[in-house]
Each structure stands twice: as structure tokens, then as C-alpha cells.
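Take a look at the structure set out below.
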Amino acid sequence: MTITPVHSCTRGPLISVEGITGVGKTYLTNRAVEALDDKPLRLDGFSQRANGRPGLGEALLRSLREASAGDPFLRGGTPMAEALILLAIKRYDLDTVIAELSSGRAVIEGRSVDTTAVCQALLLHPDDPDAALETATALREFASSYRPLPGLTILVTDDACEAVVRAQRRDRCVFTTEQATFMREACTLYERLAATDPARYRVVDRRSVGEHEAAELIRAWIRGAGTGLGCVREPWQGPGARCMCCGRRAESAPA
């Protein structure tokens, strides 16, 4: 994302909440935003879109569901092709909220490009954690070449085994041994990926933070994300492009 600090843009902040299923992302985010006067626009994560909005994004997601034959992680056997489709959906999601961002409203993505980077990197390198981290970072950078990344990414993490238990109880299902292992590996990779970009990430670790404190932290981060925002531009259009939200062009660099 190309940011111009010359003036404060009138846009709202773009925020994502990441983490494996069962860590309490939705629950904690709901608690955090219920006390906010200006309610953010919420974009559900892929797994929560049982009856999604009509349009290209839902059509692409439907094709992944069909190809994955019920797999909870939308795994259809072609991880690189699936990564490109998932990233295309995240670009589509951004396109649908530009008007809200431009009006100054905060937008919260329930998982953004970071989740795609983590999950697809694990599928590409199932037995090599370091290669998975390298690929996750590369996928995130690739995504940032065609859409701005969230300015703030909140990672909710926990003991992965506890998260698996919660997810099974909530969804009334039983994960296979392979699926539970995938979740544990994803939990670790999320944390490692967050450490590579501390300026953008804020981490809530439920192993050391209670529900009330976690919700308060998330609420404070959401509030703080809306101050002193710079312009956002289409990465592929170069630094001279107009802001996607306020339409302002970048100031000319000094000679």
C-alpha cells in the first residue's frame, strides 16, 4: 500500500481480524464494536458466508466450495490456483467497500489476504515450516501488488488445541486428525507471519489475556486506526495515482 503522509485523508481505516477457527475472532470483535458509537462495516470471513451477497465474489467462492467437496478449509487439491481465486475474492471484497471507506467509515474484514497466505503456504509446504513462512510472506507481498493491505491487522491467537475444541463444540462437528493438525500448524504460522510485520499487526494472545481485556484491546486498536490516515492508491498504478478514496494525487516529490 502506497501511503502519502502529506495530508490526512478523509477515508476510514481498513482493518482485518485473523486467526484460526475457534480462537474467538467473531465473538471478541462483536464485543469490541458493540461499545463503539460509529459501527464499522463488517465483511464476513469465507466460512461464515453460507448465504453470501450475490455477485462475482460469491460465485468464485461457490466454485471453491464445490471443488473442495465439503473440506472446511476449501482445499480442492490445487493450492496455487485456489490461492489466486481466494485473493481475487479479497480484491472483489475491497471493491465493494470503497464507497464506505471513502465516506470515512471503518471497514473490518473477517480474515483478509493474510489468511489466504497462511493456509495456501501450508498446503504448498506441508512438511517445511520455514518454506511455508517464506511462501506466506511472498503471497502477502503478491497480494499487496494489486490491492492495499489492511492498515491494521489484528491476530487473535490461542492454544491451538483449545481452539479446535471450541470450534468442534460450536459447529457440532469432529475434525479429523489431519484437519486438527492443519489448524495447529496454521496457528503457529500466523504467529510467525505476524512477527515479520509488527507495524501492521496487533496480537491478542488468549493464553495470557482474558475475554474482557481482549475485547478492550481490540476496541482501542479499532478506535486508534482511524486517526492520521494517509491516502491509499492502486499499487499497480504507481505513486502518481489518485487516492482510491479522496481522489487526491500525491504531492510532487522535491527535486
### Task
Give a yes-or-no answer on whether the side chains of E18 and Y201 include a donor-acceptor pair shorter than 3.5 Å.
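No donor-acceptor contact under 3.5 Å links the two side chains.
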
### Message
Between R140 and T137, is there a side-chain donor-acceptor contact under 3.5 Å, judged purely by atom types and distance?
### Response
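Absent: no donor and acceptor within the cut-off.
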
[X] side chain vs [Y] backbone, donor-acceptor pair below 3.5 Å:
| X | Y | value |
| --- | --- | --- |
| E234 | M244 | no |
| T135 | A132 | no |
| R105 | E100 | no |
| K25 | G19 | yes |
| R248 | C9 | no |
| R166 | T21 | no |
| Q179 | T176 | yes |

### Task
Working to the nearest 0.5 Å, report the span between OG1 of T188 and CD1 of I20.
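Atom-to-atom, T188:OG1 and I20:CD1 are 8.5 Å apart.
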
Side chain to side chain contact (heavy atoms under 4.5 Å, CB included) involving [X] - partner list, sequence neighbours excluded:
| X | value |
| --- | --- |
| D130 | D128, R192 |
| L60 | L56, I85, A88, I89 |
| R242 | R249 |
| A215 | R31 |

Residues that [X] engages under salt bridge (Lys or Arg N to Asp or Glu O under 4.0 Å), provided they are two or more places apart:
| X | result |
| --- | --- |
| D95 | R91 |
| R200 | D114, D197 |
| E134 | none |
| E178 | R75 |

### Working for side chain to side chain contact (heavy atoms under 4.5 Å, CB included), residues R223 and L36
CA-CA 8 Å; R223 281 181 173 144; L36 295 175; 3.4 Å; yes

### Message
The criterion is ring-ring contact (aromatic ring centres under 6.0 Å, His included); which residues satisfy it with F73, sequence neighbours excluded?
### Response
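Checked F73 against ring-ring contact (aromatic ring centres under 6.0 Å, His included); matches are F182.
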
Return the set of residues passing side chain to side chain donor-acceptor pair (under 3.5 Å) with [X] (not counting sequence neighbours), or none when no residue passes.
| X | value |
| --- | --- |
| T78 | E82 |
| D171 | none |
| D205 | R207 |

### Query
Got more than 12 heavy atoms from elsewhere within 6.0 Å of CG, D38?
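Count not over threshold, so no.
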
### Task
Determine whether L14 and W221 fall in the same hydrophobic cluster, where Ile, Leu, Val, Met, Phe, Trp and Tyr are linked whenever their side-chain heavy atoms lie under 4.5 Å apart.
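No; W221 is not reachable from L14 via cluster members.
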
### Task
Kindly indicate, with the supporting measurements, whether the criterion side chain to side chain contact (heavy atoms under 4.5 Å, CB included) is fulfilled by E109 and I15.
CA-CA 6 Å; E109 294 183 86; I15 302 163; over 6 Å; no

### Query
Under the side chain to side chain contact (heavy atoms under 4.5 Å, CB included) criterion, do L87 and Q120 qualify, and how do the steps go?
CA-CA 11 Å; L87 292 177; Q120 302 312 117; over 6 Å; no

